[in-house]
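What follows is a single structure, written as C-alpha cells, with notes after it.
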Amino acid sequence: MTTRIEHVSSPAAAGGGENHAWIIGDDDEVIVIDPGPDAASVLDAVGDREVLAVICTHGHAEHIAAAVEVAERDEAPVALHPKDRVLWREAHPDDDAEIEMADGGVFEVADVRLEVMHTPGHTAGSVCLYCEELGVVFTGHALLATGPGPHDREFPDFAGQLNAIGENLLTLPSDTRVLPGQGAETTIATAEKKFDSWFAAGPVVADPDED
Ligand SMILES: [Zn+2]
C-alpha cells in the first residue's frame, strides 16, 4: 500500500479548533477533501502530483471556498451532493460542481477506493467518504470527536444527523479511524460508546478540541 493521508489545517471560523483539508494519494495522484479557504497551502502540500478530484463533504463556505481554485490547476472536477447546491452557490455563484455525488458512489485514487455515504443532518447534502483499505472515514461536519458537528453553534437537524451517524457510520468496523473536517480525530468504537450520551444530551455545542 503506497497510499497515504496528509492534511492541511486552517483556523475554524466558528466553534474553535482547526478545519482540515484531507489529501489522499500516492506519489503521482491525489484526491483533496474539503480544501478550506486557502488554495495555495493545499496546492503546496499536493506539490506536482495530479489532483484527480476535489470532494466537498458539504457546502459550508469555510470548507469549500478554495475548491474551484484547487481543482482548476489540473482541470479536476469538484464533487458535491446536489442537496447542498444552494449553500455552494453562496461561496461560488459562478461555478457549479461537475460531479453530483450520490450514496454508494465511488472514487478511485492511487490503490484505494473512497465510497460516498450520504449522511444528512449538518446539511441536507452532507456526505462521508469511507476508505476500507486505509481503515478511515472522512466525516466532514457530520461527526466530530465531540459528537454531531454543529453549524454556527446550532444543529439544523439534530435528530437526522444522529440517525445518519447511527445508521451509516456506527455500522462501519469499530477500529475505523474517524477523520473529521474539524478538531481531533476519533474512532468508530469511541463514537459508539458516546452515542447514547449524545442522544441523551440533545443539541448541545461542545468544544471541538475536547475529546
Ligand atoms: Zn459545516
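Order of appearance sets the numbers: ligands from 1, and atoms from 1 within every ligand. This is a predicted model, so every value here is computed, not measured.
- Here the options are His20, Glu18, Glu185, the test is side-chain contact (heavy atoms from CB on, under 4.5 Å), and the partner is His7; only His20 passes.
- Atom CG of residue Leu129 and atom CD1 of residue Ile24 lie 7.0 Å apart, to the nearest 0.5 angstrom.
- A salt bridge links Asp27 with Arg4; the closest basic N to acidic carboxylate O contact falls under 4.0 Å.
- Around the Zn ion (ligand 1), the protein N, O or S atoms closer than 2.8 Å are His58 NE2, His60 ND1, His122 NE2, His141 ND1, listed by chain and residue number.
- The pair Glu132-Arg113 does not count as a salt bridge, with every side-chain nitrogen at least 4.0 angstrom from each carboxylate oxygen.
- Put simply, the side chain of Asp157 never gets that close to the backbone of Gly121: no donor and acceptor are under 3.5 Å apart.
- For the atom pair CD (Glu29) and CZ (Arg49), the distance works out to 10.5 Å, reported to the nearest 0.5 Å.
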